Asks: 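Below is a structure I'd like to ask you about.
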Protein chains: 2
Amino acid sequence: MWEDRRGRIDHDGPATLWAQVVADIEADIAAGALSAGSRLPTELELAEIYGVARGTVRRAVADLAERGAVVVVHGRGTFVANNR
Amino acid sequence: MWEDRRGRIDHDGPATLWAQVVADIEADIAAGALSAGSRLPTELELAEIYGVARGTVRRAVADLAERGAVVVVHGRGTFVANNR
DNA sequence: GATGATTTGTGCGTATGTATC
DNA sequence: CGATACATACGCACAAATCAT
């Protein structure tokens with residue numbers, strides 16, 4: 001499920017890296033590959049998976065959280081939201 | 001206390017943005033609205049509050065810290081100085 | 001309860017590219 | 001051209017919340 005996804009990120013195109021990460025994760029949620037309540041990899045793991053910096057992952061997660069797609073819990077992790 | 005302050009920043013005038021942020025925060029400290037030891041919003045929050053970039057906030061905070069108005073603590077935040 | 005590991009939160013410093021004045 | 005400002009992105013360090021031992 002969370003193998004190497006560096007190939008999905010275009011570092012040279014016009015789209016920002018964090019937006020590409022958002023789109024990729026949101027596609028998994030929409031496809032049902034990520035069930036509600038399930039935990040995402042840690043920020044550091046996501047950074048490795050996508051081949052970007054942790055700060056870039058945090059921007060992506062912040063965007064997902066702002067739109068209610070995920071819920072972030074300090075000290076625990078990031079989870080797919082229940083109510084969509 | 002930390003609502004939208006974009007209206008206090010003049011993006012077209014002669015004064016630099018970071019100097020305006022410095023003046024605005026320092027005015028609050030002088031007025032006692034910001035008590036000694038209280039924490040300021042994060043750099044990103046201040047950037048949103050004033051409608052400027054993070055780099056601009058960092059310049060403002062660096063200036064305040066250099067003059068002893070605030071104390072920046074690595075990993076914790078920025079606090080209003082005690083000794084004035 | 002104490003300790004340590006894990007994970008997110010915050011900040012530091014820097015770099016690149018673009019745009020405007 | 002230089003200074004200012006914005007947005008993005010990187011890497012690192014330390015703090016705080018949580019959880020397992």
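Residue numbering restarts at 1 for every chain, and letters A, B, ... go by the order of the sequence lines. Quick caveat, the model's predicted, so the values are computed rather than measured.
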Asks: Determine, for nucleotides 16-21 of chain D in 5'-to-3' order, which nucleotides have protein heavy atoms under 4.0 Å from the base (write B), from only the sugar-phosphate (write S), or from neither (write -).
Replies: BBSS--
Asks: Heavy atoms only, 4.0 Å cut-off, all strands: where does A/Val61 land among base, sugar-phosphate and nothing?
Replies: nothing
Asks: Starting at OH of B/Tyr50 and ending at C1' of D/dC6, how long is that distance when rounded to a whole Å?
Replies: 19 Å
Asks: Which residue, B/Leu17 or A/Gly55, contacts DNA chain D at a nucleotide closer to its 5' end, judged by nearest heavy atom?
Replies: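 Of the two residues, B/Leu17 wins.
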Asks: At less than 4.0 Å, is any side-chain N or O atom of A/Thr56 found next to OP1 or OP2 of D/dC10? Yes or no.
Replies: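 Yes, because at least one side-chain N or O of A/Thr56 sits under 4.0 Å from OP1 or OP2 of D/dC10.
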Asks: Is there a side-chain contact between B/Ser35 and B/Val80 (heavy atoms, below 4.5 Å)?
Replies: no
Asks: Within the 4.5 Å heavy-atom criterion, are B/Arg59 and B/Val57 side-chain neighbours or not?
Replies: no
Asks: Can you tell me how far P of D/dT4 sits from CD1 of B/Ile9, to the nearest Å?
Replies: 16 Å
Asks: In this structure, how many angstroms lie between the P atom of D/dA15 and the CZ atom of B/Arg39, rounded?
Replies: 14 Å
Asks: Rounded to whole angstrom units, what separation is found between the CD atom of A/Glu43 and the C1' atom of C/dT6?
Replies: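 After rounding, the gap between these two atoms is 12 Å.
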Asks: Are B/Asp28 and B/Arg5 close enough for a salt bridge, meaning some N to O gap below 4.0 Å?
Replies: yes
Asks: Could you tell me if the side chain of A/Arg8 sits less than 4.5 Å from the side chain of A/Gln20, heavy atoms only?
Replies: no
Asks: Output the rounded distance in Å from CG (B/Leu46) to C1' (C/dC12).
Replies: 16 Å
Asks: Is the count of non-hydrogen atoms from other residues, nucleotides or ligands lying under 6.0 Å from B/Arg6 atom CZ greater than 12?
Replies: no
Asks: Which is true for A/Gly77 with a 4.0 Å heavy-atom rule: it touches a base, it touches only sugar-phosphate, or it touches nothing?
Replies: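 The residue A/Gly77 makes sugar-phosphate contact but no base contact.
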Asks: Do A/Arg67 and A/Val22 come close enough that some side-chain heavy atom pair is under 4.5 Å?
Replies: yes
Asks: OP1 or OP2 of C/dT8 sitting under 4.0 Å from any side-chain N/O of A/Thr78?
Replies: yes
Asks: Where the side chain of B/Arg58 is defined as all heavy atoms beyond and including C-beta, which of D/dC10, C/dG13, C/dT8 is the nearest nucleotide?
Replies: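 Out of D/dC10, C/dG13, C/dT8, the nucleotide with an atom closest to B/Arg58's side chain is C/dG13.
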Asks: With nearest nucleotides of DNA chain D determined for B/Val52 and A/Gly51 from heavy-atom distances, which residue corresponds to the more 5′ nucleotide?
Replies: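 Upstream on the strand: B/Val52.
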Asks: Under 4.5 Å between any side-chain heavy atoms of B/Val73 and B/Thr78, yes or no?
Replies: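 Side chain of B/Val73 against side chain of B/Thr78, heavy atoms only: no contact under 4.5 Å found.
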Asks: Below 4.5 Å, heavy atoms only, C-beta onward: do B/Val70 and B/Ile29 meet side chain to side chain?
Replies: yes
Asks: Side-chain donor-acceptor pair under 3.5 Å between B/Tyr50 and B/Asp24, yes or no?
Replies: yes
Asks: Give the nucleotide from the list D/dT8, D/dC10, C/dG11 with an atom nearest to the side chain of B/Thr42.
Replies: C/dG11
Asks: Whole Å only: how far is the NE2 atom of A/His11 from the C1' atom of C/dT16?
Replies: 15 Å
Asks: Decide yes or no, distance alone: a donor-acceptor N/O pair under 3.5 angstrom between the base of C/dG11 and the side-chain of B/Arg54.
Replies: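 When only heavy-atom distances are counted, B/Arg54 does not reach the base of C/dG11 through any donor-acceptor pair under 3.5 Å.
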Asks: Rounded off to whole Å, could you give me the CG-to-P distance for the B/Asp10 and D/dT4 pair?
Replies: 16 Å
Asks: How many Å lie between CG on A/Leu44 and P on D/dG11, as a whole number?
Replies: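 It works out to 11 Å between those atoms.
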Asks: Can you give the dot-bracket line for DNA chain C, where a pair is Watson-Crick or G-U wobble with both atom distances under 3.5 Å, crossing pairs use [ ], and | marks a partner on another strand?
Replies: .||||||||||||||||||||
Asks: Can you tell me if B/Arg59 touches the phosphate of D/dT4, counting only side-chain N or O atoms and a distance under 4.0 Å to OP1 or OP2?
Replies: yes
Asks: Just so I know, are the side chains of B/Leu46 and B/Val21 near enough to count as touching, which here means a heavy-atom distance under 4.5 Å?
Replies: no
Asks: Within less than 4.0 Å of OP1 or OP2 of D/dA5, is there a side-chain N or O belonging to B/Trp18?
Replies: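 Yes, because at least one side-chain N or O of B/Trp18 sits under 4.0 Å from OP1 or OP2 of D/dA5.
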